[in-house]
Amino acid sequence: MYEIKVRDRLMELAGNKDVRLDTPPDNIPGDLSTNAAMVYGLKPQELVAEIEKMDSIESAAVVGPGFINIFLTDETKNREIGEIVKAPGDYAKGIAGGDILFEMVSSNPTGPLHIGHGRGAAIGDALARMYEWLGYKVRREYYVNDRGRQMDLLGESIFNIINGKAAPEQGYKGDYIKDIAAGFDPALNAEECAHKASEIILDTHFKVLKEFRVEYDSKFYETDLIRAGKVEETIDFLKKKGLTYKKDGALWLKTTTYGDDRDRVLVKKNGEFTYFASDCAYHKDKAQRHKEVINIWGADHHGYLDRLEAFWEAAGFKENKRLNDVLYQLVNLKRAGELISMSTREGEFVTLKEVIDEVGTDAARFFLLMRNSDTPLDFDVELAKEENKRNPVYYVQYSHARISSVFKKAGVKPGEVDPSAARQLGKEEDRLIKMVAHFPYILSKCVQLNAPHLLTEYLRDTATAFHKYYDTVKIVGSRKERARLALIMAVKSVIKNGLELVGVSAPDRM
RNA sequence: ACCCUCGUAGCUCAAUUGGAUAGAGCAACGGCCUUCUAAGCCGUAGGUUGGGCGUUCGAGUCGCCCCGAGGGUGCCA
């Protein structure tokens with residue numbers, strides 16, 4: 001993990017500030033580069049002298065307006081490959097640590113999950129996997145809003161069906177509602193209908209999510225929070241801090257003091273808690289259980305974040321706890337060149353289940369992670385099903401299968417590769433070696449920016465680097481066969497690890 | 001009306017968060033299989049980064065003003 005070591009040393013030299021380690025452009029020689037001297041006003045020559053003291057480094061030089069380009073020794077690069085081969089499943093594991101609660105999806109138990117929820121699940125779960133890999137303790141939690149107006153409507157909708165009445169004005173009318181109602185005892189009242197139906201819908205959500213390879217550690221019910229008196233407790237807590245006031249018969253929280261554009265109601269004038277009130281209680285509970293909280297939200301919730309973050313600060317959690325809200329833009333489904341919008345307003349959904357059934361979990365997860373979360377995503381269903389290089393999932397998986405195939409041809413089991421053979425690697429391998437060795441840095445960037453798409457991007461680039469190498473160099477039967485097998489073993493494991501982190505399988509044959 | 005997120009090649013997107021000559025894939029055109037999987041590789045072409053002004057050694061990235069797209073502005077969740 002020479003990149004991480006060099007970066008950490010640079011951070012020390014810069015006075016424990018965040019330092020970026022770059023790869024120089026193709027036309028400029030060097031293995032690594034940094035702009036640390038320019039950014040922090042350090043003397044480049046002094047920095048160069050310090051860098052050159054490191055064992056792993058051959059030389060360093062100041063270039064252009066003050067970039068420092070770094071050359072690694074061949075031994076450093078080759079040793080990295082040898083180390084990966086020694087323990088392929090451990091590469092970059094445990095290099096950080098912490099304790100994080102992830103909340104993701106948390107869709108109301110009133111209707112099916114659609115493809116947008118899939119994006120949230122894919123982002124949250126991939127990040128959770130990465131944090132775990134790096135050594136964090138992670139909990140995945142689903143918050144269940146089993147109370148309030150939407151639940152009432154669900155209950156009424158079902159109650160009306162089993163009693164032969166028309167659905168309420170704003171009620172739920174989908175076929176799934178009729179299917180659920182069909183099994184219900186007509187003696188149930190609306191509240192019982194809501195409860196039973198929501199449990200059925202929630203079970204279905206977890207079944208679909210499991211098929212999507214997202215497994216939760218816990219469910220957290222809003223009604224439990226209320227029953228345990230946590231909402232009152234939180235409101236009292238805020239009252240005592242002098243952060244609330246009465247107006248128009250309701251109780252308000254002064255969120256504007258902390259950056260919100262208007263104050264928010266905690267208790268309605270009819271005495272009921274708002275959704276926001278229980279969410280405050282929920283987040284207080286989260287803060288008590290974990291050091292760090294990451295929430296994954298659809299873009300349609302972004303107007304809500306200011307008030308939640310205002311609460312977080314008002315309650316005093318901001319000082320020693322971290323709240324991170326990751327927002328993702330909506331998903332459009334593309335079929336035969338036509339875009340189908342998934343916005344809630346259109347009311348026209350394609351369910352997550354349908355997409356999984358059509359393209360498979362591998363393609364669905366990879367596609368939903370290919371884009372930066374703050375740009376809308378066009379999900380091309382037909383492309384996801386194609387079996388050629390146009391389809392990025394196949395392209396990456398194919399590189400893994402191809403490597404397995406080379407091992408078969410060589411008559412060597414991947415586990416039997418000699419790590420020390422990597423010492424023979426040379427110039428032809430340089431690019432691919434550096435690509436492989438970039439994996440820990442990419443992971444650390446993904447979690448630093450909560451941006452899992454950097455990993456799918458990296459996997460595509462690594463696959464490309466391998467395919468190019470494969471095409472120019474003969475492995476089996478060459479003089480450097482043993483060394484090259486070590487290298488492609490390292491490539492194989494990085495691709496496998498990376499795919500595992502995004503939740504996609506790495507087949508040995510295709 | 002206000003707030004948020006965006007606008008990069010014909011299309012879908014990157015660009016290591018202010019760095020070096022803005023990169024990939026698809027689509028178009030031309031090449032490469034008696035050789036480890038051609039589900040692959042190589043080459044050609046394609047750009048005033050929506051427009052303008054600014055900030056500085058340096059701007060796709062930061063600030064302000066326009067234009068355009070999407071989302072949000074409940075005592076709903």
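Residue numbers begin at 1 in each chain, while the letters A, B, ... track the order of the sequences. Hydrogens, waters and symmetry mates play no part in the numbers below; they use all other heavy atoms, side chains included.
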**Message:** Please verify the inter-ring angle class for A/Y275 with A/Y304; under 30° counts as parallel, over 60° as perpendicular, anything in between as tilted.
**Reply:** tilted
Sorted by chain and number, sequence neighbours left out, salt bridge (Lys or Arg N to Asp or Glu O under 4.0 Å) with A/E46 holds for none
Applying side chain to side chain contact (heavy atoms under 4.5 Å, CB included) to A/D306 and not counting sequence neighbours gives A/D260
*asked:* Need one value for A/H467: base, sugar-phosphate or nothing, where a base atom within 4.0 Å counts as base even if backbone is also close, heavy atoms only.
replied: sugar-phosphate
_C1' gap between B/rG43 and B/rG51, integer Å_ = 36 Å
Can you check whether A/Y395 has a side-chain N or O nearer than 4.0 Å to OP1 or OP2 of B/rC41? yes
Worksheet item: Just checking A/K445: base, sugar-phosphate only, or nothing, at a heavy-atom cut-off of under 4.0 Å?
Response: sugar-phosphate
Note to self: Please give the distance between the C1' atoms of B/rC32 and B/rA69 as a whole number of Å.
What the structure shows: 43 Å
A/E386 CD to B/rG25 P, in whole Å, measures 16 Å
- prompt: How would you label the contact of A/L449 with the nucleic acid (heavy atoms, under 4.0 Å): base, sugar-phosphate, or nothing?
  reply: base
Per the under-4.0 Å heavy-atom filter, residues of residues 468-481 of chain A near RNA chain B come out as A/K468, A/Y470, A/D471, A/V473, A/K474, A/I475, A/V476
Residues pairing under salt bridge (Lys or Arg N to Asp or Glu O under 4.0 Å) where one sits in residues 393-412 of chain A, two or more places apart or in two chains, turn out to be none
- Message: Work out how far the C1' atom of B/rG18 is from that of B/rC66, and round it to whole angstrom.
- Response: 25 Å
Which of B/rC41, B/rC75, B/rA20 is nearest the side chain of A/T464? It is B/rC41
Handout entry: P atoms of B/rG19 and B/rU61, separation to the nearest Å
Key = 11 Å
Separation between CE (A/M1) and OH (A/Y91), nearest 0.5 Å, reads 7.0 Å
Side-chain N,O (A/K268) to OP1/OP2 (B/rC76) below 4.0 Å:
yes
So what does A/H453 touch, heavy atoms closer than 4.0 Å: a base, only the sugar-phosphate, or nothing? sugar-phosphate
note: A/R431, atom CZ; B/rC41, atom P; distance rounded to Å ~ 13 Å
From CG of A/D152 across to C1' of B/rC75 the rounded distance in Å is 15 Å
So OG1 of A/T110 and CZ of A/R149: to nearest 0.5 Å the spacing works out to 12.5 Å
Separation of the P atoms in B/rU55 and B/rA59, to the nearest angstrom: 12 Å
Contacts satisfying salt bridge (Lys or Arg N to Asp or Glu O under 4.0 Å) that involve residues 478-488 of chain A (not counting sequence neighbours) are A/D418-A/R482, A/E428-A/K480, A/E428-A/R484, A/E429-A/K480, A/E429-A/R484
One should report the stems of RNA chain B, each a stretch of at least three consecutive Watson-Crick or G-U pairs at distances under 3.5 Å, as B:1-7 with B:67-73, B:10-13 with B:23-26, B:28-32 with B:40-44, B:50-54 with B:62-66
Given the 90°-from-0 boundary between syn and anti, B/rC33 should be labelled syn
Requested in this report: Taking atom types as modelled, find out whether A/Y176 and A/T204 have a side-chain donor-acceptor pair closer than 3.5 angstrom.
Outcome: no
Hits for side-chain hydrogen bond (donor to acceptor under 3.5 Å, both in side chains) against A/Y131, two or more places apart or cross-chain, chain-then-number order -> A/N450
Q: Indicate, with a heavy-atom threshold strictly under 4.0 Å, whether A/L327 touches base, sugar-phosphate, or nothing.
A: nothing
Whole-Å distance, A/N35 CG to B/rU61 P, equals 17 Å
So side-chain hydrogen bond (donor to acceptor under 3.5 Å, both in side chains) across residues 358-371 of chain A, not counting sequence neighbours, yields A/D125-A/R365, A/R213-A/D362, A/R335-A/E358, A/E358-A/K385, A/D362-A/Q397, A/D362-A/S505
Separation of B/rU16 atom C1' from A/N69 atom CG, nearest Å, is 15 Å
What residues 244-261 of chain A contributes to the RNA chain B interface at heavy-atom separation below 4.0 Å is A/K247, A/D248, A/A250, A/W252
A/F366 CZ to B/rG25 C1', in whole Å, measures 12 Å
By side-chain hydrogen bond (donor to acceptor under 3.5 Å, both in side chains), A/Y258 pairs with (sequence neighbours left out) none
Contacts of A/F67 and A/R262 projected onto RNA chain B by closest heavy atom; the upstream (5') one is A/F67
- Expressed in whole Å, how much space separates the P atoms belonging to B/rC42 and B/rC26? 11 Å
Find every protein N or O atom lying less than 3.5 Å from an N or O atom of nucleotides 11-13 of chain B, and list the pairs.
from, atom 1, to, atom 2, distance (Å)
B/rU12, O2', A/R371, NH2, 2.9
B/rC13, OP1, A/P376, O, 3.3
B/rC13, O5', A/R371, NE, 3.4
B/rC13, O2', A/R371, NH1, 2.9

Rounded to the nearest 0.5 angstrom, the NZ-CG distance for A/K468 and A/D471 is 10.5 Å
Margin query: When you compare the side chains of A/T34 and A/R7, does any donor N or O come within less than 3.5 Å of an acceptor on the partner?
Written below: no
* When all nucleic acid strands are considered with a 4.0 Å heavy-atom cut-off, which category describes A/F276: base, sugar-phosphate, or nothing? -> nothing
Sorted by chain and number, sequence neighbours left out, side chain to side chain contact (heavy atoms under 4.5 Å, CB included) with A/E103 holds for A/S106, A/Y143, A/Y282, A/H283, A/K286, A/N295
Pick the P atom in B/rG60 and in B/rA9, then give their distance to the nearest Å. 14 Å
In this structure, OG of A/S478 is separated from CG of A/L485 (nearest 0.5 Å) by 8.0 Å
- Rounding to the closest angstrom, what is the interatomic distance between B/rC62 and B/rC6 at atom P? 8 Å
Taken to the nearest whole Å, CZ/A/R307 to P/B/rC4 is 15 Å
